[in-house]
Chemist: 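Once you've had a glance at the structure underneath, I'll fire off some questions.
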2 protein chains.
Amino acid sequence: MKTYREENYLKAIYQLANHDKSKVVSATDIAHWLEIKPPTVLEKLAILVKKDYVTYNKFDGAQLTTSGKEIALNIVRRHRIWETYLYKQLKFSWSEVHEIAEQLEHVNSDKLIDRIYDVIGKPDFDPHGDPIPNKQGKLPKSDRRPLSQSIKGCKCVVLGVSEHSEVFLNYLTDLNIGLNDKLIVEQINAYDDTLKLSTKTKEPILMSSKAAQQILVQCLKPNCGCR
Amino acid sequence: MKTYREENYLKAIYQLANHDKSKVVSATDIAHWLEIKPPTVLEKLAILVKKDYVTYNKFDGAQLTTSGKEIALNIVRRHRIWETYLYKQLKFSWSEVHEIAEQLEHVNSDKLIDRIYDVIGKPDFDPHGDPIPNKQGKLPKSDRRPLSQSIKGCKCVVLGVSEHSEVFLNYLTDLNIGLNDKLIVEQINAYDDTLKLSTKTKEPILMSSKAAQQILVQCLKPNCGCR
DNA sequence: TTTAATTATTAGGTTAACCTAATTTTATTA
DNA sequence: TAATAAAATTAGGTTAACCTAATAATTAAA
């Protein structure tokens, strides 16, 4: 029996672990993420450990087991399918879809998800470039990496973003950078890694390293030398 | 704050009250309906009374207040819109639709319901002939009434059913009676009210009064004399 | 390396939603 | 109408999910 609460814990652990792979996922991190207090999380973690969905100790933090990861990826799958559906079929704006998908992802009907997935054309990625896990929980392969890893001269295409905040997305809109746009890295400032990019706009644009870390791109030439 | 549990209580009271208008809705009736025990219902009714969604006493049972009815009708609206959507757009069979709609009806987004309602073409009735309340909770007008109220010679059209059980729907399928079919009441047995009906099939068919009570029809001639 | 600050954990409490068993009230029937 | 059956209610208990406050453990700083 997996309740929507358990689904949310497993999803949170998955997301936190993927957000920063070097950092352990502490009970406190989960508590912040879910906007509840650490003791509540500890209590629930004990249950999830007993159910063999996670392992936990204070040094390695919470880690998903195989079956825990399976559930988490299934929720991520549902979430991204619903987001895509809301955006593409029902014409919701990208900023509206997340909150509704948070609810829809817990509707328990595999057949419903299958039908919705059919309707949107069985894509491998959602409209923001995030991969949609398949039914077995496998993520589609892609060579997406942060724009910040580019070397000078790199030609690449924007496949997604790893930050979804309103302010960041508006910033990209202002710069006139969108999904599938091509970028050329003209220069990299040696002091602070600011990038000078040529894009479809006339003028080259300057972008901070901080922003470039959140933009996911793929090189247009194989073995182009980027990290 | 209305949780899905409160929504389900209010919907249950609405449905029980409408199922048999002469009968009061007792706490025990609600308990049966929701598959929980009477003391649990009593406890929750006290809360719903305090919130002014219901009135309750053992003689009149539970009755929805104006604001309680508003919530209940909104859930009924969502439920019927989702059922129609699943059936018409996503090609689910009628027997599959109910269970999924029970979950979807609690997704809290008016905009989502609006969009879905647009997609199905803003109908007044769902595919089984049940009326879809509007946003203000008003039910579309119709002259639907049980077939059992027909007088001899009545010509009418099938608009829906008030029982949705598998066995009853299969029975209708066997008789070859479907939505929008025309019926003529040829004879009414004076002893047990069995109906002899002519339909699109060659042979006239016999139908028990019990079954006729569950079929909703509308007379094809105004003031035809039926009750 | 001791102290101070931070972080993790335990202890103990609350509320909502459920339950069973006991009691009271109402309805039925002999 | 008194006895019995049925239904409604109350009493009291459990579990899950939350909390705050206290304590223990770890990390950082003096």
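We use all heavy atoms of the structure for the numbers below, so side chains are in, but hydrogens, waters and symmetry mates are not. A, B, ... follow the sequence lines: proteins, then strands. Residue 1 opens every chain.
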Chemist: Ignoring hydrogens and angles, tell me if any N or O in the side chain of B:T194 forms a donor-acceptor pair with the backbone of B:L206 under 3.5 Å.
Modeler: no
Chemist: Pairs in or reaching into residues 84-107 of chain B: which pass salt bridge (Lys or Arg N to Asp or Glu O under 4.0 Å), with residues at least two apart or in two chains?
Modeler: A:K111-B:E96, B:K11-B:E102, B:K11-B:E105
Chemist: Could you run through nucleotides 9-21 of chain C and give me one letter per nucleotide, 5' to 3': B if any protein heavy atom sits under 4.0 Å from the base, S if only the sugar-phosphate is that close, - if neither?
Modeler: BB------BBBBB
Chemist: Could you pull out every donor-acceptor pair under 3.5 Å between side chains of residues 160-171 of chain A and any protein atom, sequence neighbours left out?
Modeler:
unit_1, atom_1, unit_2, atom_2, d
A:S162, OG, A:Q214, O, 3.4
A:S162, OG, A:Q214, NE2, 3.2
A:E163, OE2, A:S165, OG, 2.7
A:H164, NE2, A:D130, OD2, 3.1
A:S165, OG, A:F168, N, 3.2
A:N170, ND2, A:E166, O, 3.3

Chemist: Is there a donor in the side chain of A:H106 and an acceptor in the side chain of A:N8, or the other way round, less than 3.5 Å apart?
Modeler: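 Checked: A:H106/A:N8 side chains pair up, N/O donor to acceptor below 3.5 Å.
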Chemist: In this structure, are over 12 heavy atoms from other groups packed under 6.0 Å from A:Y87 atom OH?
Modeler: no
Chemist: Which residues in residues 14-22 of chain A have at least one heavy atom lying under 4.0 Å from any atom of DNA chain D?
Modeler: none
Chemist: Just distance, no hydrogens or angles: give the donor-acceptor pairs under 3.5 Å from side chains in residues 31-49 of chain A, sequence neighbours left out.
Modeler:
unit_1, atom_1, unit_2, atom_2, d
A:W33, NE1, A:Q15, OE1, 3.4
A:K44, NZ, A:E6, OE2, 3.2

Chemist: Name all pairs fulfilling the salt bridge (Lys or Arg N to Asp or Glu O under 4.0 Å) condition that reach into residues 58-83 of chain A, sequence neighbours left out, sorted by first residue then second.
Modeler: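 Listed once each, the pairs are A:R78-A:D110.
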